[in-house]
Amino acid sequence: MGWLLEWMSVEVALLAALVSPLAGAALVVALGPNPNARDGSSLVAGVVTFLCVLRIAMALQAGEPVAMELWEPTPGLLFALEVEPLGLLFALVASLLWPITTLYAIGYMRAHHEEHQTRFFAFFAITISAVLALAFSANLASLFVCYEAITLATFPLVTHSNDRTAWRAGRVYLGILMGTSVGLLLFGVLGVHALAGTTRFTPGGVLAGPLADGNVSKATLGVLLGLFVFGAAKAAVMPFHRWLPNAMVAPTPVSALLHAVAVVKAGVFTILKVVVYIFGLDLVRELHAHTLLLYVAGFTVVAASVIAMHKDNLKERLAYSTIGQLSYIVLGALLVAPESVQGAGLHIAAHAAGKITLFFGAGALLVTAHKKYVSELDGIGRQMPITMACFAIGSLSIIGLPPTGGMWSKLLLIEGAYHAGHGPVVVALLISSLLSVVYLLSIPVRAFLRPAPTAQTGEHPHHGPAPWTCRIAMVLTAGLSVWLFLFPDFLYDLVVRMTEPTP
Amino acid sequence: MGVAIDIILLLFLLSIAFAACVTRNLFSAAMLFGIFSLISATLFVVLDAVDVAMTEAAVGTGVSTILILITLASTGYRVSPRPAGRQVLALAVSVVLGATMVYGTLDMPSLGSPDAPVHTHPIAQYYTEVSPVEMGIPNMVTPLLASYRGYDTLGETAVVFTAGIGVLALIGRRRRKDPLPIVEEFREGGANRHRVLRVISKQLIPPILLYACYVQAHGDFGPGGGFQAGVIFASGLMLFMLLFGVEHARRIIRPVVLEKLIALGLLIYGGVGLVNILQGGAFLDYRTLAHDPQHGLHYGILTIELGVGITVAAVITTIIYSFASHLRDHVMQRTLRLRQGADAAQTSPESGA
Amino acid sequence: MIAEHAIILVVVLPLLVAPLCVLLGRGTLAWGAATLAVWSSFGLALHLLGRVLEEGVLRYQLGGWAPPVGIEYRLDLAGALVMTIVTAIGAVVLPYSFASVRREIDEHRHAWFYACLLLCFAGLLGITVTGDAFNLFVSLEISSLATYVLVSIGRDRRALTAAFRYLLLGTVGATFYLIGVGFLYQMTGTLNMEDMARILTEARPDGLGPVHSTKTVRAALAFLTVGTFLKIALFPLHVWLPNVYAYAPSVVSAFLSATATKVAILVLLRVFYTVDGKATPFDALPIADTMVPLAIVGALVASFVAIYQRDVKRLLAYSSIAQVGYMAIGIGLATQAGLAASLLHMINHAIMKGTLFLAVGCIVYRVGQTRLEGLRGVGREMPLTSTALVLGGLSLIGVPLTAGFVSKWALLQAVLADSHWIVAALILLSSLLSILYVGQVIHVLLLRKRPPGAAPIQEAPLWMVLPTLVLAIGNLWFGIASDQAAEVSRQAAEFLIREVAP
Amino acid sequence: MSLLLDVLSWVLLLSGGLLSIVSAFGVLRLPELFQRMHSATILDTLGAGLVLSGLILQAGFTVISFKLFLVFLLLALTTTTAAHALAKSALADGIYPKGIDPEVVRAGLSEGLPGRQRIATDRARERVAPPASPQEDPPPQPSEEGGPPWA
């Protein structure tokens, strides 16, 4: 990989990581009439983006500071980029999974005969650019701008199918996400700026100073923390979770990458960043409010799992599972033990790899066998063995069992909760894991072990396996889950660096 | 003595205003407004603002009263009482307003006090002492209006122009291809039945127009100028219209011509300014118009006063024409309608109208 | 020569082309002349803005008489900024007006319409550039009178009553201004703003403290402030505005909403800073204490009312009242940051409201009405127009990367810098309400289906869509590359505040 | 001579002033329109004439006297005409002098008048003696309140 170091400087890489998805989007629009060239360019843009992020990762490993100021429209609203471990982790996950999802989407969209594929790929690329910009934001203000950009760029994807349900879902989507971000998150951002005079992400936090100076009370800071936890509604903490099941009307690649990885993780990422770099772990620990918020998140974990059990629609079940898993990360952030925060960071990656595999599987079932409901899946594993095998691995990762990466992150989370002395949270995590065994593992079990329906009830028509691009993508992401189990060191180092004060 | 006159006039104004508020008959209110203007004009004369008094008398008493009457003729004279709540609000606002104004006058220098800032400021001295020498114009008001603050006057002319265009745009008639059928009684206007009025008033029109020209030209030496002249000229035309009917008047001076004259007056005024720029001076710096700056000033002032006069006269005439034509159409249509109704109901056309 | 006289030509050109339009008489010719005049004004305004940025305040002696004997034109940065807004909007609106006016106004009135548009334009420009308190009133009258005509010149009968109401209240406002100027003249003996400001700080001739502490000056300020509040439609003096914007012809709505209130706010700044600056009106009168609460209540109430509007133009009009509230908050804070935020929001609001009203005008051109239920699904068949509408709407909400966000951000920062937490929260609440009403419009236009059997609709003519799109892209441009605008408004605010400092 | 003129002019001025006061009282106190008009017209012509003549005598043979004479002429022409018009419109509106039989006036008025005026007098008559049954009177009443003469 040495050629990458020589080939471009880190500043160029940073800009290129943001620009290449946009360039990809432009290319996609330009090449719209020729589907092969269009999809190819999207794929190439994905690979280039990933290489750029990789270059940044190498620079960070080497200890180079990676930061850049872009422009400042009004005082206090500074658009600046700065790479730190957590952001890098997030960017790595998003940029690695993008080309894989593109690969999957090519097969899926063609098999599904979707219309407006050009628009689809273009907005997909724009969203990725916004996600990377969010991951690299140096301060809360530019993070907020990127946050909103993501909402807007994904809106056309949610309403892609252009029918009544899609538009209704789009309304809920936009209403909840915009409402909370403008009403709560923006207020929080401005509050931080007013209190601390800056919104820059600083190791150790920026709000400890004003508290020590007596400029602000703990209660106010508690309210501020609440503004962030609920304002970042992309994290889907109840009661602002309804947009996520609604957004499942989007095509599966969108649900897979955006609503399991990029967009929702943008929400928890925001909360993690705020807790670690704005408040600082020590400060949050002193706030009474964090306990309260902890219980809200814990409730979300359990409640979402319970709801997921009752959902027959596969994608909805996965969506509620996502809601639960996101709250794991929020819990990890709010527990403010170093282990739990590390676990939360790691869970971003582990859950991403696992959940995207599950969605890929669900999408493959939809386009190949036209099955939407769990109850229809009896015995389907015999026709689509690869799909269902990958699905099983993904499920294991979400549950937190070896041989998948989910095990490490969940272990760290539970350890952190235990050390922080929050017994009920440990219990909640365990209950939710047990429930996820029920609602997730039951699916591959059903697919492989139950007999296919008899002739009277309607035999599976012989439809063969999923499109080959889909299969490749699934194998890759399932492999990633296993890889995270075998070699978690690199990511673990990153999350450890996040909680350690930088020299 | 002067104070006594002031007080009496002000008391008059107050009581007239009160009466105008109280009366339920809009016709009386219109008349009261006319009287109010007349007394204001008298007050201006007492205050030595003869130029203003002239305009006030012509516009306030003459033109606007006629306009109000024309409007009333097509709407009716009676007013229904307004809900009491609104009146309380209006009263409260008026009381606050009046209180603020009184409060504002508490620290004001007394009327005519030589120590007032208005008199002690250097520009007052400039206007009274330097200006006559500089300009060579005995009437102090004219150079102030037309030169020192000539740009304001250009603006005021533009306001008058806007008013004219506005009336044209809102109630000005489209030049119809199919004019309304004229009811027989309207053909000759109303004047036939008022022979005395007609004969006497006809004699008055030429002196009025002549006087307008005098006021126009005499602005440098006595009270007068474009505004006053324009208003007086228009009053003369208005009298003609009242006597002979708007149709006749429209044939004497066509509305299209008036419309172009409105624009022409403002253009003359602004054109002088542009010429000044071309001559190398500032906008409206008349001194560039001739070799001798004083001559230039005179030329400039005369020209712009002419522009003002044309625009004002044309605008006021246009407004009156438009209103009168509007009313005429209104009344005529109503009469036609009623007559048709009466024809249907009765055989004798004489008894229905 | 043109550079030397640019400052006067920018106003006088449109003022004199107005009678020319009447002389030309024909609609098309008048349109051509008006377009030329407005575009040259735009060019001159840009030139002037550049020069003000370089050289500072520009002065021009009208009639060659040195102030305070004569009238002085005096262009500072705030004036140049507003002048650029007005001319830019004019330059965009005029090409648009050709088709729109033909559709909405009777043909024999076209020349008069363009004459009035130019007069209104010239009057607004005159306000931005004048350094004389009475000349400001004259310009105000020209623009107001022309506005009343413009509003009522269309075919909508309801516009007549709206214009009449506006005329009554507008005249009250102008009269208040005049009374205020009269009082000030009584106490200073001059009409030149700078001269007034100087004399106000001097000791009174009778030795009783400075002039600005007299009751007369206080009453004058009260009159000037209230009169101007009427003109900027600050709650609760906003009652004239909704119907005026709703029933006026599309071009007029767009032009007025983007310019008139901005210029009125400049008048307020002139009163507060240029005339009474050194005496700091914020100390003498409880301006901040009344203005900020009024503005915030206005923003909330207007946003709330906007949600329930069934007519797009009325909805946008109420949103204008809310936005004016934001600007008033910035001024009421009486800090440099607040002032800069207000000025910035002025620019951005001009762009976004211009976009929205122009886009609605495009729809009116094709559909002929603005009731929401009549517009179901129209946006789908007019993609360019609805793109502009969506961009403008997002900007109005204050979505990041649009112009509206930058200024709202600046405003919130200024508010929080003074730790007015509640005000900030209420501003955000009003933004949330704006999501609702903008969302409603977009929902009806784009998401609802056209009623069965409705006639197919085309995109509006190119000459209407292009200007709309230009402004719509302005929303993005000023959201992404807003540093220049922000810098100019910051400097303008700094200049105004510095005038206060001795 | 000058004393004589002075005395004469003061006599004229004072008598004019007195007359004015008297007629002002008349306007206030007299019972009905035509009598009041009688009082007012005396003020307009004789009162003003006396005062103006006094002033002319005061001014002597100058341009001011000429102007005053013009004023007198103007007043004489306009006030009388105005009084004429007022009286006529009062009659047209159905207000008649006291003690005169309305029918006589009406008969005189109706003759030789153009149609519209005749209609107005007819209406006035109706108002004096309203018809037995209220007819379906058209709501807008043309020219009842004295439709504009110039229309």
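Just so it is clear: chains get the letters A, B, ... in the order the sequence lines come, proteins before strands, and each one is counted from 1.
For the set C:Tyr73, C:Phe137, C:Tyr148, C:Phe113, the entry with the most heavy-atom pairs within less than 4.5 Å of chain B is C:Tyr73. For the set B:Leu267, B:Leu264, B:Leu144, B:Thr288, the entry with the most heavy-atom pairs within less than 4.5 Å of chain C is B:Leu267. Counting heavy-atom pairs under 4.5 Å between each of B:His119, B:Met108, B:Glu156 and chain C puts B:Met108 at the top. Annotation: maximal heavy-atom pairing with chain B below 4.5 Å, among C:Val69, C:Leu145, C:Ile142, occurs at C:Val69. In terms of heavy-atom pairs under 4.5 angstrom with chain B, the leader among C:Ile199, C:Thr130, C:Leu23, C:Val217 is C:Leu23. Interface remark: of the candidates C:Ile153, C:Leu15, C:Thr188, C:Thr188 forms the most heavy-atom pairs closer than 4.5 Å to chain B. When each of C:Thr190, C:Leu150, C:Val226 is scored by its heavy-atom pairs under 4.5 Å with chain B, the top score falls to C:Thr190. Between chain B and the options C:Val22, C:Leu191, C:Val149, C:Val17, heavy-atom pairs under 4.5 Å are most frequent for C:Val22.
Here the CZ-CG distance, from B:Arg287 to B:Asp292, works out to 12.0 Å after rounding to the nearest 0.5 Å. For the atom pair CZ of C:Phe121 and SG of C:Cys116, the computed distance is 15.0 Å after rounding to the nearest 0.5 Å. Atom-to-atom distance recorded for C:Leu16:CG and C:Cys21:SG is 11.0 Å, nearest 0.5 angstrom. With rounding to the nearest 0.5 angstrom, the CG atom of B:Leu284 is 7.0 Å from the CD1 atom of C:Ile8.
Of all the heavy atoms in C:Gln61 and B:Ala282, the pair that sits closest is O-CB, 3.3 Å. Residues B:Leu170 and C:Ser152 share a closest heavy-atom pair of CD2-OG, 3.4 Å. Across every non-hydrogen atom of C:Ala133 and C:Met193, the tightest pair is N-CG, 4.0 Å.
Heavy atoms closer than 4.5 Å to chain B are found in the side chain of C:Ile179, but not in its backbone. With a threshold of 4.5 angstrom between heavy atoms, C:Ala146 approaches chain B through its backbone and through its side chain. Interface remark: C:Val11 contributes side-chain atoms only to the contact with chain B (heavy atom separation under 4.5 Å). For B:Ala124, no part sits under 4.5 Å from any heavy atom of chain C, backbone or side chain. Contacts of B:Tyr103 with chain C are made by both backbone and side-chain atoms, with heavy-atom separations under 4.5 Å. When heavy atoms are compared at a cutoff of 4.5 Å, B:Leu154 approaches chain C solely by way of its side chain, counted from C-beta outward. Heavy atoms closer than 4.5 Å to chain C are found nowhere in B:Ala116, neither backbone nor side chain. Heavy-atom distances place no part of B:Gln125 under 4.5 Å from chain C, backbone and side chain included. Neither the backbone nor the side chain of C:Ala122 comes within less than 4.5 Å of any heavy atom in chain B. For B:Leu261, no part lies near chain C; criterion is any non-hydrogen pair under 4.5 Å. Using a 4.5 Å cut-off between heavy atoms, B:Tyr269 does not touch chain C at all.
Listed by chain and number, the residues in a side chain to side chain donor-acceptor pair (under 3.5 Å) with C:Thr225 amount to none (sequence neighbours excluded). Every residue two or more places apart in sequence or in another chain that forms a side chain to side chain donor-acceptor pair (under 3.5 Å) with B:Arg149 is listed here: B:Asp152, C:Asp132. Every side chain to side chain donor-acceptor pair (under 3.5 Å) that B:His121 has, sequence neighbours left out, goes to C:Asp195.
By the 6.0 Å contact criterion, CZ on C:Arg59 is enclosed, its count of non-hydrogen atoms from other residues, nucleotides or ligands being greater than 12. Remark: B:Arg254 CZ is loosely packed, at most 12 non-hydrogen atoms of other residues, nucleotides or ligands lying under 6.0 Å away.
A salt bridge does not link C:Arg198 with C:Glu194: every distance from a Lys NZ or Arg NE/NH1/NH2 to an Asp or Glu carboxylate oxygen is 4.0 Å or more.
Interface residues of residues 299-316 of chain B toward chain C, defined by a heavy-atom distance below 4.5 Å: none.
Between B:Thr317 and B:Ile253, every side-chain heavy-atom pair lies at or beyond the 4.5 Å cut-off.
The one candidate from B:Leu274, B:Val275, B:Asn276 that meets the side-chain contact (heavy atoms from CB on, under 4.5 Å) condition with B:Phe283 is B:Leu274.
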